Trainee: 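Below is one structure. I have some questions about it.
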Amino acid sequence: MLDYDLHCHSTVSDGLLTPTEIVNRAAERGVKFLGLTDHDNVDGLSEAAEAAAHCGITLINGVEISVSWRKFTLHIVGLGIDPLYPALIEGLQHIRSGRMRRAELMAESLARSGIGGVLEGAHRFAANPEIIGRTHFARYLVESGHCKDVGSVFKRYLVKGKPGYVPHQWVDLLDAVNWIRDSGGLAVLAHPGRYTAGRKSMGKPTLLELLTEFTDMGGQGIEVVTGSHTPAQYAEFSRYATQFGLLSSCGSDYHGPGESYRDLGRLPDFPLECKPIWSAWEL
Ligand code: AMP
Ligand code: MN
Ligand code: MN
Ligand code: MN
């Protein structure tokens, strides 16, 4: 069992628990090293650091950056970043302003198919209005009785081809990698088993091209053990980690009670050939 959990979300993005609650829950569940990785935002890190100091957890400053690469949206996790690094702060600010525009378009699109008032409704679920995203829309559509749970809302409304889906241009992969690296962090490809364009999954040839580009531009890690991978995928992505000389990372991608594949911590060990991402740190 790993006592590292290097990917999770708080109310500062689309999680249900505050940074303090996340840290305390992680500590109760045996996590010793926690990476808080809110989407496109580092504002939860100072609160998390304070909570971590009180319960003996080492907090890793993290972020999960939304990126457009070819026709895919990718997520790049930055670990050990400096949350005060100006280029990173400006880049994240730019992404957040795009999120607010996208939310308006999503609401307009849903209104055209007969579901009104969604922007206001979704904002009630977003503690931080700048980071408004599909999860907040999903929670509102559950509350207002359109679907039974968040997963069903995604399927019915929020993925490509559905009424609430709006294509969006995030930032370039190279920019995200540079902001992370230049701020002192390690750039990690998040949940590589989950990328799709529409209903089609990425496929091996494209994944190999992505991993080639990502490592060439300075990417250092890949999530092998993540809440949304199967054990077969731990093995598959550990092979890619070895092939591309990438460090292996692990994280639950926890978003809150009742909404996640996995709770915080207690992640299974890496396959033997993996070199853990923490071998790059002196903790
Ligand atoms: P956004 O960045 O606003 O496009 O929202 C992406 C977030 O939506 C992810 O980080 C997940 O938290 C959530 N998400 C994506 N797909 C699903 C799904 N099929 N079911 C539940 N949550 C999802
Ligand atoms: Mn999320
Ligand atoms: Mn993600
Ligand atoms: Mn995540």
Side-chain angles (χ1 to χ4, degrees), residues 5-17 22 34-42 44 62-69 72-79 92 95-107 109-110 118-119 122-123 125-126 128-142 147-162 164-171 176 187-199 201-202 222-223 225-229 249-262 264 267:
D5 189 332
L6 302 176
H7 186 151
C8 66
H9 297 272
S10 75
T11 44
V12 162
S13 63
D14 59 357
L16 291 169
L17 304 180
I22 282 282
L34 178 73
L36 176 63
T37 55
D38 276 306
H39 296 286
D40 309 320
N41 198 336
V42 293
V63 67
E64 182 175 18
I65 303 184
S66 312
V67 158
S68 292
W69 180 79
F72 299 92
T73 295
L74 307 179
H75 286 173
I76 305 300
V77 161
L79 294 174
L92 297 179
I95 303 178
R96 293 198 295 272
S97 59
R99 276 189 175 275
M100 289 191 282
R101 282 197 307 276
R102 179 184 71 147
E104 287 166 17
L105 297 175
M106 285 169 61
S109 173
L110 285 164
V118 183
L119 189 60
H123 269 295
F125 287 84
N128 177 359
E130 284 193 328
I131 211 77
I132 183 93
R134 287 185 293 162
T135 310
H136 309 109
F137 277 68
R139 288 180 188 143
Y140 172 68
L141 289 170
V142 171
C147 285
K148 66 176 189 326
D149 57 31
V150 162
S152 320
V153 183
F154 270 85
K155 277 200 202 99
R156 233 163 100 189
Y157 294 108
L158 300 179
V159 293
K160 199 167 181 185
K162 304 295 174 178
Y165 180 81
V166 171
H168 190 71
Q169 187 65 34
W170 302 98
V171 294
V188 177
L189 179 66
H191 43 66
R194 242 177 59 197
Y195 296 122
T196 55
R199 280 206 215 116
S201 79
M202 181 177 270
I222 182 170
E223 285 185 348
V225 171
T226 152
S228 57
H229 281 177
S249 192
C250 63
S252 56
D253 205 357
Y254 183 70
H255 282 71
E259 273 197 23
S260 289
Y261 299 100
R262 269 199 100 93
L264 289 159
L267 295 163

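If you're wondering where the values come from, they're calculated on a predicted model, not measured in any experiment. Here, residue 1 is the first one in the sequence, and each next residue gets the next number. Read the numbers this way: they start at 1 and go in the same order the structure lists the ligands and their atoms.
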Trainee: For ligand 1, indicate whether the residue E259 contacts it via side chain, backbone, both or neither (heavy-atom separation under 4.0 Å).
Mentor: neither

Trainee: For N41 versus R96, what's the shortest heavy-atom pair and its separation?
Mentor: CA-NH1, 3.9 Å

Trainee: Taking non-hydrogen atoms only, is H9 closer than 4.0 angstrom to ligand 1 via side chain, backbone, both or neither?
Mentor: neither

Trainee: Who pairs with R194 by salt bridge (charged side-chain N to carboxylate O under 4.0 Å, His left out), at least two apart in sequence or on another chain?
Mentor: D253

Trainee: Number the atoms of ligand 1 from 1 as they appear, then name those within less than 4.0 Å of a heavy atom of H39, with their elements.
Mentor: 10 (O)

Trainee: Residues two or more places apart in sequence or in another chain: which of them pass salt bridge (charged side-chain N to carboxylate O under 4.0 Å, His left out) with R262?
Mentor: none

Trainee: D14 and H136: which non-hydrogen atoms are nearest, and at how many Å?
Mentor: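 Between these two residues, the closest heavy atoms are CA-NE2, 3.7 Å.
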
Trainee: Polar-atom distance check: R134 versus ligand 1, any N or O pair below 3.5 Å?
Mentor: yes

Trainee: List the residues meeting salt bridge (charged side-chain N to carboxylate O under 4.0 Å, His left out) with R102, not counting sequence neighbours, and say none if there are none.
Mentor: none

Trainee: Near the Mn ion (ligand 3), which protein N/O/S atoms are found at less than 2.8 Å?
Mentor: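 Atoms qualifying: E64 OE2, H75 ND1, H191 NE2.
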
Trainee: Is a donor from one side chain sitting under 3.5 angstrom from an acceptor on the other, for E223 and H229?
Mentor: no

Trainee: What part of R102, side chain from CB on, backbone N/CA/C/O, both or neither, has a heavy atom under 4.0 Å from ligand 1?
Mentor: side chain

Trainee: Check for a donor-acceptor pair, side chain of S13 on one end and backbone N or O of D38 on the other, with a separation under 3.5 Å.
Mentor: no

Trainee: Heavy-atom contacts with G133 under 4.0 Å: which atoms of ligand 1 show up? List them by number with element.
Mentor: 3 (O)

Trainee: Just to be sure I'm reading this right: ignoring hydrogens, which of V153, D253, L158, T135 gets closest to atom 13 (C) of ligand 1? Compare them by their nearest heavy atoms.
Mentor: T135

Trainee: Is the Mn ion (ligand 4) less than 2.8 Å from at least one N/O/S atom of H9?
Mentor: yes

Trainee: Please report the interatomic distance CD1(I132) to CZ(F137), rounded to the nearest 0.5 Å.
Mentor: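 Rounded to the nearest 0.5 Å, the CD1-CZ separation comes out at 5.5 Å.
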
Trainee: Counting only N and O atoms by type, is there a donor-acceptor contact under 3.5 Å from the side chain of S201 to the main-chain atoms of T196?
Mentor: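 No, because the side chain of S201 does not come within donor-acceptor range (under 3.5 Å) of the backbone of T196.
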
Trainee: Taking heavy atoms and a distance under 4.0 Å, where does H255 meet ligand 1: side chain, backbone, both or neither?
Mentor: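 For H255, only side-chain atoms sit under 4.0 Å from ligand 1.
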
Trainee: If you take all heavy atoms of I131 and V12, which pair is closest and at what distance?
Mentor: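 Here I131 and V12 meet closest at CG2-O, 3.2 Å.
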
Trainee: Below 3.5 angstrom, do we get any N/O pair linking R99 and ligand 1?
Mentor: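 Min N/O separation from ligand 1 is below 3.5 Å for R99.
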
Trainee: Check for a donor-acceptor pair, side chain of S260 on one end and backbone N or O of H255 on the other, with a separation under 3.5 Å.
Mentor: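 Between the backbone of H255 and the side chain of S260 there is a qualifying donor-acceptor contact (under 3.5 Å).
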
Trainee: State whether the side chain of Y140 and the backbone N or O of L119 hold a donor-acceptor pair below 3.5 Å, judged by distance alone.
Mentor: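 No, Y140 side chain to L119 backbone: no donor-acceptor pair under 3.5 Å.
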
Trainee: Under 4.0 Å, heavy-atom basis, I'd like to know which part of D14 is in contact with ligand 1: side chain, backbone, both or neither.
Mentor: side chain

Trainee: For atom 21 (C) of ligand 1, which protein heavy atom lies nearest, and how many Å away is it?
Mentor: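 Going by distance alone, atom 21 (C) of ligand 1 is nearest to F154 CD1, 3.6 Å.
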
